[in-house]
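Reckoned from all heavy atoms, side chains included, excluding hydrogens, waters and symmetry mates. Atoms within each ligand, like the ligands themselves, are counted from 1 in listed order. Position 1 is the first residue of the sequence; numbering continues from there. Computed from a predicted structure; not experimentally measured.
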Amino acid sequence: MSPTSAPADPRKRLEGLLPDVEIAALAPLIEDIDEWKRRRNAVVLAHNYMTPDIYHGVADLRGDSLALARMAVEAEADVIVMAGVHFMAETAKIVNPAKTVLIPDTDAGCSLADAITGADVRLLKERYPGVPVVTYVNTSADVKAESDICCTSGNALQVVESLGVDRVIFLPDQYLGMWVASQTDIDVILYEGSCMVHERFTGDELRGYRALKPGVQIIAHPECPPDVLAEADFVGSTAGMIRWVQTERPKSVVMVTECSMADNVALESPDTEFVRPCNLCPHMKRITLEGIRDSLRDMRHEVVIPPDVADRARHAVERMLEVRI
Ligand code: 13P
Ligand code: SF4
């Protein structure tokens with residue numbers, strides 16, 4: 001894997017995205033990050049929910065959770081800085097334990113990861129002996145270690161169907177689980193977790209957008225509740241939603257997901273009007289340019305996972321990466 005060839009001048013990377021005065025103010029900080037990346041032989045992997053200054057200004061590679069996990073496997077740099085939330089950094093460490101993986105803010109968590117512990121999974125396995133556990137990657141390493149296989153929003157259906165069984169336990173996102181259940185004959189046992197960002201959207205809100213803007217296309221992340229997904233013209237992971245906009249080139253679109261997605265995609269899709277409902281993920285927003293600079297300068301905060309937990313979690317993540325989509 002090699003870093004993408006972003007323009008050398010940080011001002012050019014952000015041209016047209018942010019006001020000129022803001023770009024001028026950010027440029028020295030971005031140059032500083034470029035310099036620290038060189039010194040540390042580091043790459044910055046960024047999730048699609050990062051703000052445009054990070055996404056376009058300092059990320060070497062960008063993607064959804066599945067792409068970030070694959071990028072981490074292939075990373076050649078000595079240091080990976082995860083511009084995303086904690087479970088994404090843990091996943092990078094799990095798949096590439098030889099690397100130093102840094103997360104700029106240890107409080108960048110996830111309401112789904114907080115919803116379940118390894119002990120909860122052990123209880124479920126006692127309750128449903130022999131039923132395989134499919135675990136969304138939005139979980140801690142402890143939870144992954146108790147699981148048979150992981151999945152992301154980009155491959156959940158294919159992962160569930162890859163097992164060749166008639167029943168699975170699906171953790172912890174009830175809405176992603178319901179979405180998978182609606183697409184397959186396999187019996188899906190659900191858990192009660194949800195994403196604090198996506199659970200706030202409602203079908204009524206989406207019908208309101210259609211009434212306001214006839215012809216608008218609505219695309220939604222599968223962490224949304226069923227009444228929201230029922231209104232959507234397309235359902236997919238963050239990367240799937242970006243691809244959909246770039247391929248379908250709708251006249252106007254609502255991306256029913258975290259706010260920064262539309263900001264990041266708008267520049268590359270100038271012919272599309274983005275109607276922007278704004279639900280922020282407070283965890284993703286803890287990652288800032290200053291935090292990334294400090295992380296590289298001070299080599300903090302290093303992700304450390306007990307080897308026995310990492311080994312068991314790796315089995316579940318690698319098994320997922322083998323599933324073709
Ligand atoms: P994606 O894998 O679709 O990018 O989703 C991750 C996430 O946290 C969505 O809220
Ligand atoms: Fe977790 Fe939801 Fe934030 Fe994604 S958007 S990191 S699922 S809280």
Side-chain angles (χ1 to χ4, degrees), residues 45-51 54-55 59 61-73 82-92 94-95 103-116 134-140 143-144 150-159 170-180 191-201 219-225 228-229 232 234-245 255-265 277-287 317 320-321 323 325:
L45 304 191
H47 184 259
N48 293 325
Y49 291 163
M50 288 296 105
T51 46
I54 295 172
Y55 191 82
L61 295 160
R62 312 172 273 201
D64 62 2
S65 311
L66 183 58
L68 293 176
R70 291 196 196 285
M71 289 164 191
V73 173
M82 184 57 73
V85 290
H86 196 260
F87 76 80
M88 294 172 178
E90 271 195 341
T91 304
I94 288 166
V95 296
I103 177 94
D105 189 322
T106 49
D107 286 334
C110 171
S111 65
L112 282 165
D114 288 344
I116 188 159
V134 179
T135 292
Y136 196 25
V137 285
N138 298 37
T139 45
S140 66
V143 169
K144 290 183 176 78
C150 286
C151 73
T152 74
S153 59
N155 63 11
L157 177 63
Q158 290 87 347
V159 164
F170 190 94
L171 309 172
D173 187 355
Q174 58 184 311
Y175 297 130
L176 179 61
M178 285 178 201
W179 170 249
V180 170
Y191 191 78
E192 274 193 7
S194 52
C195 160
M196 61 191 287
V197 176
H198 292 91
E199 71 179 352
R200 282 162 51 202
F201 293 106
I219 64 175
H221 195 276
E223 288 171 10
C224 295
V228 171
L229 300 183
F234 171 77
V235 175
S237 76
T238 57
M241 293 167 89
I242 294 173
R243 274 194 301 274
W244 189 92
V245 170
M255 287 182 131
V256 186
T257 188
E258 213 266 354
C259 313
S260 293
M261 278 272 289
D263 298 341
N264 288 331
V265 185
C278 197
N279 285 354
L280 271 175
C281 174
H283 300 292
M284 290 279 182
K285 266 47 219 187
R286 295 192 75 90
I287 307 300
V317 177
M320 165 186 87
L321 294 176
V323 174
I325 55 167

Please answer whether the main-chain N or O of [Y] pairs with a side-chain N or O of [X] as donor and acceptor at a distance below 3.5 Å.
X: Ser260; Y: Asp263; result: no
X: Lys144; Y: Val137; result: yes
X: Ser194; Y: Glu199; result: no

Write down the atom of Leu229, the atom of Ala220, and the distance for their closest heavy-atom approach.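 So the minimum-distance heavy-atom pair works out to CD2-CB, 3.8 Å.
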Give a yes/no on whether the SG-to-SG distance for Cys110 versus Cys195 is below 2.5 Å.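 Taking the criterion (SG atoms under 2.5 Å apart), Cys195 and Cys110 fail it, so no.
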Output, by chain and residue number, all protein N/O/S atoms separated from atom 3 (Fe) of ligand 2 by less than 2.8 Å.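 Correct list: Cys281 SG.
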Check His47, Lys285, His198 against Glu258 for a side chain to side chain donor-acceptor pair (under 3.5 Å) and give me the one that passes.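 Testing each of His47, Lys285, His198 against Glu258, the sole residue satisfying side chain to side chain donor-acceptor pair (under 3.5 Å) is Lys285.
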Just to verify, which of Asp64, Asn48, Asn264 counts as forming a side chain to side chain donor-acceptor pair (under 3.5 Å) with Thr238?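 It is Asn48; the other options fail the test.
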Considering the heavy atoms of Glu223, write down every atom of ligand 2 situated less than 4.0 Å from one of them.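 Result: 2 (Fe), 7 (S).
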Could you go through ligand 1 and list every pair where one of its N or O atoms sits under 3.5 Å from a protein N or O, giving the atom names and the distance to one decimal?
| residue | atom | partner | partner atom | Å |
| --- | --- | --- | --- | --- |
| ligand 1 | 2 (O) | Ser65 | N | 3.1 |
| ligand 1 | 2 (O) | Ser65 | OG | 2.7 |
| ligand 1 | 2 (O) | Ser153 | OG | 3.4 |
| ligand 1 | 3 (O) | Ser153 | OG | 2.6 |
| ligand 1 | 3 (O) | His221 | NE2 | 2.8 |
| ligand 1 | 3 (O) | Thr238 | N | 2.9 |
| ligand 1 | 4 (O) | His47 | NE2 | 2.6 |
| ligand 1 | 4 (O) | Thr238 | OG1 | 2.5 |
| ligand 1 | 5 (O) | His221 | NE2 | 3.3 |
| ligand 1 | 8 (O) | Asn138 | ND2 | 3.4 |
| ligand 1 | 10 (O) | Tyr49 | OH | 3.4 |
| ligand 1 | 10 (O) | Glu223 | OE1 | 2.9 |
| ligand 1 | 10 (O) | Glu223 | OE2 | 3.4 |

Result of checking Tyr175, Tyr136, Trp179 against Glu223 for side chain to side chain contact (heavy atoms under 4.5 Å, CB included):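 When Tyr175, Tyr136, Trp179 are each tested with Glu223, the side chain to side chain contact (heavy atoms under 4.5 Å, CB included) holds only for Tyr136.
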Go through the steps for His86 and His283 under the test side-chain contact (heavy atoms from CB on, under 4.5 Å), then give the verdict. CA-CA 9 Å; His86 196 260; His283 300 292; over 6 Å; no
Within the 3.5 Å criterion, strictly below it, is a donor on Thr257 or Tyr49 matched to an acceptor on the partner's side chain?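 There is such a pair (donor and acceptor under 3.5 Å, judged by atom type) between the side chains of Thr257 and Tyr49.
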